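As the structure is a prediction and not an experimental result, all values here were calculated from the model. Side chains are part of it too, since the values below use all heavy atoms of this structure and drop only hydrogens, waters and symmetry mates.
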Amino acid sequence: MTTTLPQAPVAAPPGRQLTVQLGDAIDDRVAEALDDYIAEGRLDGRIRPRRSPGGLAALVAGVVAAVLLPWCLILAATLPSTYQANHWRLTWIGLDVLTAVAAGLTAYLLHTRNRYAVLTAMAAGTLLLADAWFDVSTAGAGFDRTLSLAEAFLLEVPLAVCAWVVAARELRR
């Protein structure tokens with residue numbers, strides 16, 4: 001399948017004629033390649049599903065869930081009811097610093113309209129929820145438990161939900 005170029009050049013700005021000729025030559029090459037693919041049966045018009053890493057990611061996530069659920073039962077049966085933590089301050093300060101960094105980075109990325117704000121917003125929301133969980137579950141009885149519940153329900157959980165809403169809205173953008 002070849003196309004002959006016109007003998008008389010078409011009126012075009014300087015350099016444009018060469019572009020038209022190259023474009024026609026490329027079109028011819030693509031058409032010939034398609035004809036070859038169809039003739040050899042390599043291109044039959046059927047749409048085939050594309051293999052994507054989503055299949056592997058789904059498999060890995062399923063395996064993780066399948067392993068973690070029995071592991072939770074093992075932990076529930078074997079963990080002691082109390083434990084002396086040697087790095088208690090470091091643990092709590094680290095969690096709060098990570099939460100602050102995620103929230104601050106989310107604010108910066110939203111301000112600059114960066115699409116990665118979705119990731120940091122999801123991380124900030126997840127860290128806030130984890131902070132609420134550990135605050136409540138490790139608090140002693142009495143005032144400490146009441147304060148932890150109040151912080152969780154009035155601050156941390158609503159802020160986590162807000163962060164996830166921000167992430168969802170940014171995904172639609």
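The residue from Leu109, Leu119, Leu110, Asn114 that alone fulfils the side-chain contact (heavy atoms from CB on, under 4.5 Å) condition with Glu170 is Leu110.
The shortest distance between side-chain heavy atoms of Trp92 and Val97 does not fall below 4.5 Å. Within the 4.5 Å cutoff, the side chain of Leu129 has no heavy atoms near those of the Glu156 side chain.
What you find for Ala152 and Ala132 is that their closest heavy atoms are CB-CB, 3.8 Å. Taking each heavy atom of Ala160 and Gly125 in turn, the nearest pair found is CB-O, 3.3 Å. Nearest heavy atoms, Trp164 versus Ala121: CD1-O, 4.3 Å. When every heavy atom of Ala167 is checked against every heavy atom of Met122, the shortest pair comes out as CB-SD, 3.6 Å.
Expressed to the nearest 0.5 Å, how far CD1 of Ile93 lies from CH2 of Trp88 amounts to 12.5 Å. In this structure, CG on Leu73 lies 11.0 Å from CG on Leu68, to the nearest 0.5 angstrom. A distance of 5.5 Å separates OG1 of Thr99 from CG of Leu128, quoted to the nearest 0.5 Å. Between the CG atom in Leu159 and the CG atom in Asp131 there is a gap of 11.0 Å [rounded to 0.5 Å]. Of the inter-residue distances, the one linking Phe143 atom CZ with Ser148 atom OG reads 9.5 Å to the nearest 0.5 angstrom.
Leu154 and Val165 fall into different hydrophobic clusters, defined by Ile, Leu, Val, Met, Phe, Trp and Tyr side-chain heavy atoms under 4.5 Å apart, directly or through other members. Residue Trp133 is grouped with residue Leu95 when hydrophobic side chains (ILVMFWY) are merged at heavy-atom distances under 4.5 angstrom, including chains of intermediate members. The hydrophobic clustering, which links ILVMFWY residues whose side-chain heavy atoms are closer than 4.5 Å, places Trp71 and Leu79 together. Linking ILVMFWY side-chain heavy atoms closer than 4.5 Å, directly or via other members, places Val161 and Val166 in two distinct hydrophobic clusters.
More than 12 heavy atoms of other residues, nucleotides or ligands shown are found within 6.0 angstrom of CZ on Arg173.
Put simply, the side chain of Thr106 gets close to the backbone of Thr120: a donor and an acceptor are under 3.5 Å apart.
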